[in-house]
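Each remark here refers to the structure printed beneath this line.
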Amino acid sequence: MADEKSDPLVHRREKLERLRAKGINPFPYRYDRTHKLAEVAGGFEHLEGKTVAVAGRLMSVRGHGKTMFFHLQDQTGKLQGYLRQDAVDEDTFALFKDFDLGDIIGVSGEVFKTKTGETTVKVRKLEILAKSLLPLPEKWHGLTDVDIRFRRRYLDLIVNPEVMAIFAARTKTLRAVRAFLDKHGFLEVETPVLQPLYGGAAARPFVTHHNALDMRLYLRIADELYLKRLIVGGFDRVYEVCKDFRNEGMDREHNPEFTMVEFYAAYLDYHDIMKLFRELILHIAREVRGSETLQLGEEVIDISGEWPEVPLLESIRTATGRDFANSSIDEVRRLATEIGVDLTGKNTWGQIIDEVFSEKVQPNLVRPTFITDHPREISPLAKANRRDETLAERFELFVGGKEIGNAFSELSDPDDQRERFESQSRQAGAGDDEAHVMDEDYLRALSYGMPPTGGLGFGIDRLVMLLTGAASIREVILFPTMRPEGT
RNA sequence: GGGGGUGUAGCUCAGUGGUAGAGCAUCUGCCUUUUAAGCAGGUGGUCGUAGGUUCGAUCCCUACCACCCUCACCA
């Protein structure tokens, strides 16, 4: 055990007991606050000489014997306080000695400006509102250990003000999404997280168990099939802000649980959805960033102009000089190998085309680009392309080399859909553990008739990364998935 | 899962084959407009964990754990 003379934890405990010995509750029930800190800091003109009561976390103290300067922090910002011995009674001045950095305190007094021009509250009364028993990270270097930042997000938020700005932007993003979709006649709905069958995406699920029903349940990997059931049921336009769960690796762009927005609109096709999606992204950018821009690290991208729309096979032809259209599977395999694409685990024509695209085209799609008309084989929930049976009516939006959204003219022919599921089952049998599973109830729903429908899904986390310039998905998720804390 | 890196005081980091240092925080004293306040003094560490080599390991070796980067899978 550390020596008590220097252990900050011991000293904080001692101060706690000293407060109690004075009859002061270190964790009182409420405080009458007249202003938030930024309101005082920015409102000197009409607050000068007036008495205010403010509260916040004590972040720094500069003592000068019979006088102290300190800063409080709340969600709005910081405010300086000034305590002088001759302006308060003895108990109040002594009370400050029982305060530590990190304590939540209440301060009331008059607003004035110091000779350096900083708006400050001259203390008349002090109150402890919550004693902090653990020391804050160092004031100058702060907290940089990313592991601790994510595990103890509360600490990250206290010490790194820009973190709060990122999450404010995330909230604004979701608000903008909802406002836009509501305005366009979409109804927000909720569908099951616990599903007896998983579907709507190519991914491995988390598995759980329901005791009363003694049945296996999956955490959803997408809400797509439920939303389209609702279109069958007669909803014209629906959307869901949807936590999805995929049992896969984690890295800078992947967290096991993440937030998707999916929306579906009856009587629209993928061209209509494309226009709508572009408007949506521009709307979000304006709301969150105040301009039609996105941010890739330090680089700001203007997205106000036209967004190119390129068929996938054409994008490959342009990038590689090779034409994969109208080629047999052996032919595309040869072409792909020729340009150095690793085809391990890629068995079908569509998977090979997709792999070539991912390696040779996608990383270069920095400015917003719609890639359209993917191989039908890798698009089991999309209608066949009306101009080419081997392709689907599908687009993906790419920004900064990353996929931002994925949309189809939704497949509504139940017999066609059954064949697609069956083909997926064969792929599962061949070892593809991300293939779709057969969903008889979904086929039954389609059999009652689904209107022509356009639908789209896009990941909120990655969009927020582009809106804030965050380099890692963990920077935009308040509590990212972590291994259990060691030791 | 493969490859690379990191792990030393509460925090940010130096450093050495002979059991350790700085700044900040903390404690004591001085200081009535400071702001990374200052000055003086003090306390504080089983050097990630477990083995091994060695007379002796925080340092060298091995394994493990955690995190970061990167590749693979995916949104």
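Within 4.0 Å (heavy atoms only), F245(A) reaches no atom of the nucleic acid at all. Using a 4.0 Å heavy-atom distance criterion, N255(A) is classed as a base contact. Within the 4.0 angstrom heavy-atom criterion, no nucleotide atom of any strand lies near G405(A). Among the protein residues, E118(A) comes within range of the nucleic acid bases, having at least one heavy atom under 4.0 Å from a base atom. Nucleic acid contact for Y82(A): base, since at least one base atom lies under 4.0 Å from a heavy atom of the residue. As judged by a 4.0 angstrom heavy-atom cut-off over every strand, D86(A) is placed among the base-contacting residues. Within 4.0 Å of R149(A), counting heavy atoms only, lies no atom of the nucleic acid at all.
Scanning all heavy atoms of the two residues, the minimum distance from R474(A) to R153(A) falls at O-NH2, 2.7 Å. Considering all non-hydrogen atoms of both residues, E393(A) and A382(A) come closest at O-CB, 4.0 Å.
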Kindly give the atom pairs (protein nitrogen or oxygen, nucleotide nitrogen or oxygen) under 3.5 Å for nucleotides 69-71 of chain B.
from   : atom 1 : to      : atom 2 : distance (Å)
C69(B) : O3'    : R252(A) : NH2    : 3.2
U70(B) : OP1    : R252(A) : NH2    : 2.0
U70(B) : OP2    : R252(A) : NH2    : 2.5

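The side chain of R62(A) places no N or O atom within less than 4.0 Å of a non-bridging phosphate oxygen (OP1 or OP2) of U35(B). Checking the phosphate oxygens (OP1, OP2) of G10(B), no side-chain nitrogen or oxygen of R12(A) falls inside 4.0 Å. Within the structure, a side-chain polar atom (N or O) of K15(A) is placed less than 4.0 Å from OP1 or OP2 of C27(B).
Nucleotide A25(B) holds its P atom 19 Å from the CZ atom of F99(A), rounded to whole Å. If you take CZ of F70(A) and C1' of A37(B), they are 16 Å apart, rounded to a whole angstrom. The distance from atom CD of E253(A) to atom P of A72(B) is 12 Å, rounded to the nearest whole Å. Counting to the nearest Å, the C1' atom of U33(B) and the CZ atom of R84(A) are 8 Å from each other. Across the protein-nucleic acid pair, K115(A) atom NZ and A37(B) atom P stand 17 Å apart, rounded to whole Å. Rounded to whole Å, atom C1' of U26(B) lies 16 Å from atom CZ of R13(A). Rounded to an integer number of Å, the gap from E14(A) CD to U26(B) C1' is 11 Å. Between K66(A) atom NZ and A37(B) atom C1' there is a gap of 17 Å when expressed in whole angstrom units.
Residue T67(A) places its side chain closer to U32(B) than to any other of U33(B), U32(B), G10(B). Closest contact between the side chain of E355(A) and the listed nucleotides C73(B), C67(B), U26(B) involves C73(B). Residue K346(A) places its side chain closer to C73(B) than to any other of U35(B), C73(B), U33(B). Closest to the R474(A) side chain, of the nucleotides C67(B), C11(B), U34(B), is C67(B). Residue R151(A) has its side chain nearest to A66(B) when only C27(B), U34(B), A66(B) are considered. Ranking U35(B), C67(B), A37(B) by closeness to the Q80(A) side chain, first place goes to U35(B).
Pair assignment for C39(B): G29(B), on the basis of Watson-Crick or G-U wobble contacts that are both within less than 3.5 Å. Pair assignment for C60(B) gives G52(B), based on Watson-Crick or G-U wobble hydrogen-bonding distances that are each under 3.5 Å. With both pairing distances under 3.5 Å, U46(B) is matched to nothing as a Watson-Crick or G-U wobble pair. Across every strand in view, A22(B) sits in a pair with U12(B) that passes the Watson-Crick or G-U test at under 3.5 angstrom.
Note: N364(A) CG to F398(A) CZ = 11.5 Å, rounded to the nearest 0.5 Å.
Looking at K15(A) and D98(A), no side-chain N of the basic residue comes within less than 4.0 Å of a carboxylate O on the acidic one, giving no salt bridge. Salt bridge annotation for E240(A)-R220(A): present, with a cationic side-chain nitrogen under 4.0 angstrom from a carboxylate oxygen. Salt bridge annotation for R149(A)-E475(A): present, with a cationic side-chain nitrogen under 4.0 angstrom from a carboxylate oxygen.
Remark: nothing in residues 358-369 of chain A comes within less than 4.0 Å of RNA chain B through any heavy atom.
Side-chain atoms of Y270(A) and D373(A) form a donor-acceptor pair, as typed in the model, at a separation below 3.5 Å.
Comparing H71(A) and D461(A) against RNA chain B, the residue whose closest nucleotide sits nearer the 5' end is H71(A).
A ring pair (Phe, Tyr, Trp, His ring centres under 6.0 Å) with F263(A) holds for exactly one of F277(A), F186(A), Y239(A), F180(A); it is F186(A).
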